[in-house]
Amino acid sequence: MTLETRSFVEEARREKLAALRERGVVPFEYGFARTHTAVTALEDYTSSDQEVAVRVAGRVIALRAHGKTTFGHVSDHTGRVQFFLRRDEVGEEQYRLLKLLDLGDHLGLEGVMFRTKTGEITVRVKQLKLLAKALRPLPLGKEDSAGVQHSGLVDAETRYRERYADLAVHADTRATFRLRAQAISYLRRFLDSKGYVEVETPALQPLYGGALARPFVTYYNALEAEFYLRIATELYLKRCIVGGMDRVYEIGKDFRNEGIDREHNPEFTMLEFYEAYADYGDIMCLVEEMLHGLVVELMGTEKIERFGVTLDFRPPWPRLDYTDLVREHAGVDLRTAEDAVLRATLVNRDIPDLDSVPRTKLIDGLFKHFVEDTLVQPCFVVDYPIEVSPLAKPKRGDPALAERFELFIQGSELANAFSELNDPDEQRARFDAQTAAREAGDAEAHQIDEDYIKALEYGMPPTGGCGIGVDRLVMLLAESPSIRDVILFPMLRPET
RNA sequence: GACCGGGUAGCUCAGUCGGUAGAGCAACGGACUUUUAAUCCGUAGGCCCUGGGUUCGAGCCCCAGCCCGGUCACCA
């Protein structure tokens, strides 16, 4: 029992609950043997001339009482179906039960399918069973004959905080999460079919790495040590490669101690995969094949319209040179320009402490502010400056660059990949540079991971690897403007 | 973290110049044996986010805070 006072609506339902119990009705049943879902009940009727007996169950989402007859709709995970009761068919006792029902209650209905005179295929109920009473009113709203939803649950905060209510009320919310599940299932099947092995690596790590970000810190009592929630799976997956698991992937949560906005949730789902004897060019082709296949399988087409733009997933996708893009859109040549020039280009871009920002961040800033928004159609940006890529191999023939690419669609970064650095001595030197950056005040700089270097010293084969932000991928597929719309229970400040 | 917008009945919203708080849906009572935003008659329902202040009087004006959303910053 909460201290929260109940609304009069809830009081009314409590009274009905008591009345039901008084009559010997079990208000929270133990099960109901269904023969049909809402949709199969409708389908079986249309495909048969014979009488179709059904047992369906669902939540009451509409109720229209007309004296001695009553219409309503129940909704299950497949859809909705109308039901109809006549007092002289179900009997006085059952019919009086209706008085004690509310929108939101779960019902089991036994009856036969028929078509009403207005044409709707409907369950003619012979027996009705309350399966679970709803003590709070669901914000169901109403749908008119044109299918337009009126009222209902609109408040964004409630939709996220009470996702159960959002899901219960909005079929399209349920559809988004079904789509998410289908997408993840496809990614698994694709990688499995390519001979990849799915693995699980630690989420609680003594050192964090594999990305540049601030971690969540926690304390493990039994070991009397600080631990970090992982910011990436990368370094553990590459340990697997060292160990001879030539193709591995993991789909799991990463945690980054950062702000929340339309594209960021502090815990999010990442797919990372690594393939021995592949380089970033091979990975690019694999990503292209995988995501093209994903769109075709889920959307049934190679071109999808999202946020008013038709996106064409037909391969090959353009490979655009990072340095060229920055030169083209920011007018700066990263090969020759001094820090001062980069800084000057970024003036008036609302960057705090611009004067003390290190070169790596200046480069990042130029790309973000001048280039990202221009990358609408699926495209790969290739060959990043080496100084912003501490885990990537230098580019063959140009040590100022790394063999790295990112995939962009509609200005959003969806994948990050490279030919993995497997020279342990060079990796140590890169870590040292990161340590210097950290000492200069860069809280996101990479930590030095001696154990990872040890692993590399045992010899890691040439390897291509990639990380894909699953939430952002689903946002694109579901045309969701906010990452919160594709995460069932997004982060919110706790209620006080 | 900064700026902008929002917070009023279970839900969606209105609220004039500062003068006793409104609608639709949902709820409750009644009528109604093929309705579908059912209809008709009636009834009830409010910590106007919280705390201060101004005022004879505050949902409304002022200050502070809380929560949400948006933009920006931070952030692969």
Side-chain angles (χ1 to χ4, degrees), chain A residues 5-13 15-16 61-73 80 82-90 95 99 102-104 114-120 122 124 134-161 165 169 210-214 231-232 234 254 256-266 268 270 349-354 361 364-365 367-369 372 384 388-389 404 406-408 412-417 443-444 467-469 472 481-482 484 492-496:
Chain A
T5 52
R6 284 188 203 123
S7 71
F8 67 98
V9 182
E10 290 166 72
E11 289 297 350
R13 291 181 179 222
E15 283 165 23
K16 289 181 189 174
I61 56 167
L63 208 52
R64 298 178 292 280
H66 301 262
K68 298 182 184 65
T69 63
T70 294
F71 286 88
H73 282 85
R80 52 158 64 185
Q82 182 170 252
F83 63 90
F84 170 68
L85 291 92
R86 288 172 62 128
R87 192 179 65 176
D88 54 15
E89 286 176 9
V90 297
Y95 200 78
K99 274 283 189 190
D102 288 296
L103 297 185
F114 78 113
R115 194 185 285 272
T116 64
K117 74 180 185 191
T118 50
E120 181 160 350
T122 301
R124 180 186 289 267
L135 294 175
R136 280 178 191 265
L138 275 175
L140 280 164
K142 286 200 167 187
E143 192 175 285
D144 66 22
S145 48
V148 178
Q149 190 73 25
H150 297 261
S151 186
L153 181 56
V154 169
D155 180 64
E157 181 173 359
T158 309
R159 291 207 301 120
Y160 300 140
R161 260 189 220 288
V169 161
L212 306 181
R214 277 191 282 185
I231 59 172
E234 169 151 2
D254 289 346
R256 297 188 184 173
N257 209 334
E258 296 159 356
I260 299 172
D261 63 31
R262 262 198 354 270
E263 287 198 300
H264 297 84
N265 194 64
F268 60 100
M270 183 79 105
R349 291 281 167 170
D350 199 10
I351 293 170
D353 304 320
L354 183 58
K361 299 269 174 185
D364 224 27
F367 188 81
K368 170 165 303 197
H369 286 284
E372 273 191 11
Y384 280 60
V388 297
S389 313
R404 172 182 178 187
E406 293 193 349
L407 167 66
F408 283 86
S412 178
E413 176 209 326
L414 286 176
N416 179 24
E444 285 98 34
I468 294 182
R472 288 186 188 173
S482 168
R484 294 180 186 109
L492 292 174
R493 201 174 287 273
E495 277 184 301
T496 46

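Just the heavy atoms: all of them, side chains too, but no hydrogens, waters or symmetry mates, feed the values below.
For A:Tyr160, counting side-chain heavy atoms from C-beta on, the closest listed nucleotide (B:rC74, B:rU35, B:rG69) is B:rG69. The side chain of A:Lys68 lies closest to B:rC32, out of B:rU34, B:rU12, B:rC32. Here B:rG10 is the nucleotide among B:rC11, B:rU71, B:rG10 with the atom lying nearest to any side-chain atom of A:Pro137.
Here A:Arg124 pairs with A:Glu89 under the side chain to side chain donor-acceptor pair (under 3.5 Å) rule; sequence neighbours left out. Looking at residues two or more places apart in sequence or on another chain, you find a side chain to side chain donor-acceptor pair (under 3.5 Å) between A:Glu406 and A:Tyr384, A:Arg404. Every side chain to side chain contact (heavy atoms under 4.5 Å, CB included) that A:Glu263 has, sequence neighbours left out, goes to A:Asp261, A:Ser412, A:Arg472. Remark: A:Arg484 engages no residue in a salt bridge (charged side-chain N to carboxylate O under 4.0 Å, His left out) (not counting sequence neighbours). Among residues two or more places apart in sequence or in another chain, the ring-ring contact (aromatic ring centres under 6.0 Å, His included) test is passed with A:Phe408 by A:Phe367. Under the side chain to side chain contact (heavy atoms under 4.5 Å, CB included) criterion, A:Thr158 pairs with A:Leu153, A:Asp155, A:Glu162, sequence neighbours left out. A search for salt bridge (charged side-chain N to carboxylate O under 4.0 Å, His left out) contacts involving A:Glu444 returns A:Arg214, A:Lys361, not counting sequence neighbours. Checked against side chain to side chain contact (heavy atoms under 4.5 Å, CB included), A:Thr69 has the following partners two or more places apart in sequence or in another chain: A:His66, A:Phe84, A:Arg86. Residues satisfying the side chain to side chain contact (heavy atoms under 4.5 Å, CB included) criterion with A:Ala213, sequence neighbours excluded, are A:Ile231, A:Arg256, A:Glu258.
In this model, no side-chain donor or acceptor of A:Arg87 finds a partner on the base of B:rU33 within 3.5 Å. With hydrogens and angles left out, the side chain of A:Thr116 and the base of B:rU35 share a donor-acceptor pair within 3.5 Å. A donor and an acceptor atom never sit less than 3.5 Å apart when one is taken from the side chain of A:Glu120 and the other from the base of B:rU34. In this model, no side-chain donor or acceptor of A:Asp155 finds a partner on the base of B:rU12 within 3.5 Å.
The residue among A:His73 and A:Gly152 whose nearest nucleotide of RNA chain B lies closer to the 5′ end is A:Gly152.
Side-chain nitrogen and oxygen atoms of A:Arg124 include none within less than 4.0 Å of the OP1 or OP2 phosphate oxygen of B:rU34.
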**Message:** I'd like to know whether A:Leu103 forms a side-chain contact (heavy atoms from CB on, under 4.5 Å) with A:Leu63, so could you lay out the CA-CA distance, the side-chain angles of the two residues, the decisive distance to 0.1 Å, and finally the verdict.
**Reply:** CA-CA 7 Å; A:Leu103 297 185; A:Leu63 208 52; 4.0 Å; yes
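Taking atom CD on A:Glu157 and atom P on B:rC66, their separation rounds to 14 Å, with Å as the unit.
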**Item:** nucleotides 43-49 of chain B: protein proximity per nucleotide (B base, S sugar-phosphate only, - neither; heavy atom, under 4.0 Å)
**Value:** --S----
Polar pairs (N or O, both sides) under 3.5 Å between protein and nucleotides 21-25 of chain B?
| unit_1 | atom_1 | unit_2 | atom_2 | d |
| --- | --- | --- | --- | --- |
| B:rC25 | O3' | A:Lys142 | NZ | 3.1 |

Give each protein N/O atom lying under 3.5 Å from an N/O atom of nucleotides 1-4 of chain B, with the pair distance.
none

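Base pairing of B:rA27: its partner is B:rU43, meeting the Watson-Crick or G-U wobble criterion (both donor-acceptor distances under 3.5 Å).
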